[in-house]
2 protein chains.
Amino acid sequence: MKYNNAIYLISRIKEAANRFIVQELEAAGLNGVVPSHGDILVVLYTCEKCTMKELAQKIHRTKATLTVLVDKLIALNLIEKEKSAQDSRITYIKLTPLGQSYKDIFEKISQKLNDTFFKNFSQEEIKTFVSLLEKTRNNIE
Amino acid sequence: MKYNNAIYLISRIKEAANRFIVQELEAAGLNGVVPSHGDILVVLYTCEKCTMKELAQKIHRTKATLTVLVDKLIALNLIEKEKSAQDSRITYIKLTPLGQSYKDIFEKISQKLNDTFFKNFSQEEIKTFVSLLEKTRNNIE
DNA sequence: TTTTAATAGTTAGATATCTAACTATTTGTG
DNA sequence: CACAAATAGTTAGATATCTAACTATTAAAA
């Protein structure tokens, strides 16, 4: 079946994207930082301060995984925790100044990722590609 | 950037495909079997007997990972090892009769996966999709 | 022939990721 | 008000996955 190949290709592409991101982050001085860590930072670049639960939802990971991911980013001094004054079950996560300083680097990596993966794609092709990906995503969620 | 979304969607789709496969395999009575295990079996359904090195290459995993994956499939009595008579460094992996008996099930799961993920896709759309995925894959390998 | 280099697969350690259970807190119900 | 249910985040355990180092074997070079 021809479309059996699509899922295989999607898998290959995703794994290559992960490797690319890890390598670029290492080149930028961030070792041991993987895409999920990056996802957290990217969320924080837009919302400044999020609960653990919100972050877990936004990056599609479980609360348990988030604990591990967050602990590592804290160890790297990129983020910090802040308890909620209104509800002591709630913990907010926010960027440190160091975390903030990587914003441009993340944008550049994202740009480079896209320039590399979609080299020689026309605007029309990209539009079609995203549309088909969205159609697939809509079939499964 | 519009195409920033593509890698995100690819990631979502791949993870959804993994979950789908795991659930279908569980429904078929195979617990704890993940896509990489399935990849090994699928390779063996076509080549009957492969070296560990070949399997690792074909499923894009390291030799170390393959050892773990293979050990589990052996524990499930789906595959077995056979040392090479010509080169005692080499170990062949082959299907057991039980492993063979799951061939139809794997084909059905693959079909169901594709029917679900590409529901409402025309043949033309699928063709385009695969072509664009191949174009991306060619940019990164 | 001996030594060096390469190869196949395993071992050891680290880590992201999950499920399930847990603790502390808050909300809802009677 | 007391109790039950729900919630936020952590802990514990298991596992796929990787890198690096290792052992045993084979191939290549001296």
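Keep in mind that this is a model prediction, so the values were computed, not measured. In what follows, chains are A, B, ... by sequence order, proteins preceding strands, each numbered from 1.
The residues B:E48 and B:K94 are annotated as not salt-bridged, no charged nitrogen and carboxylate oxygen being separated by less than 4.0 angstrom. Salt bridge status for B:E125 with A:K135: present, with a side-chain N to carboxylate O gap under 4.0 Å.
Rounded to 10 degrees, the angle separating the terminal helix axes of the helix from C:dT1-D:dA30 to C:dG30-D:dC1, each built from five base pairs, is 10°.
Looking at A:L133 and B:Y8, their side chains never come closer than 4.5 Å, going by heavy atoms from C-beta outward. A 4.5 Å side-chain heavy-atom check between A:E54 and A:T51 finds at least one atom pair inside the cut-off. Contact annotation: the side chain of B:L76 never approaches that of B:N31 to less than 4.5 Å [non-hydrogen atoms, C-beta and beyond].
Residue contacts for B:T62: at a heavy-atom cut-off of 4.0 Å it reaches a base atom on one of the strands shown. When heavy atoms are screened at a 4.0 angstrom cut-off, B:S36 is found touching the sugar-phosphate backbone but no base atom.
Residue B:K83 comes nearest to B:T91 through the heavy atom pair NZ-OG1, 3.3 Å, listed as atom of the first residue, atom of the second, then distance. Shown here for B:F118 and A:A6, the closest heavy-atom pair between the two residues is CZ-CB, 3.6 Å.
Taking atom CD on B:Q57 and atom C1' on C:dT7, their separation rounds to 12 Å, with Å as the unit. Between the P atom of D:dC18 and the CG atom of A:N31 lies a distance of 19 Å, rounded to the nearest Å. Atom pair A:L25:CG and C:dT15:P shows a separation of 16 Å (rounding to whole Å applied). Following rounding to the nearest Å, B:E15 (CD) and D:dT17 (P) show an atom-to-atom distance of 13 Å. Taking atom CD of residue A:E26 and atom C1' of nucleotide C:dT15, one finds them 14 Å apart after rounding to whole Å. The nearest whole Å value for the distance from the CZ atom in A:R61 to the P atom in C:dA16 is 11 Å. Put simply, CZ on A:R19 is 12 Å from C1' on D:dT17, counting in whole angstrom units.
Results of the side chain to side chain contact (heavy atoms under 4.5 Å, CB included) test with B:V33 over B:V22, B:I40, B:L25, B:I21 single out B:L25 as the only residue that passes.
With sequence neighbours left out, B:T65 forms a side chain to side chain contact (heavy atoms under 4.5 Å, CB included) with B:R61, B:T62, B:L69.
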Summary of protein contacts for nucleotides 8-14 of chain C, nucleotide by nucleotide, where a base hit scores B, a sugar-phosphate-only hit scores S (4.0 Å, heavy atoms)
BBBB---
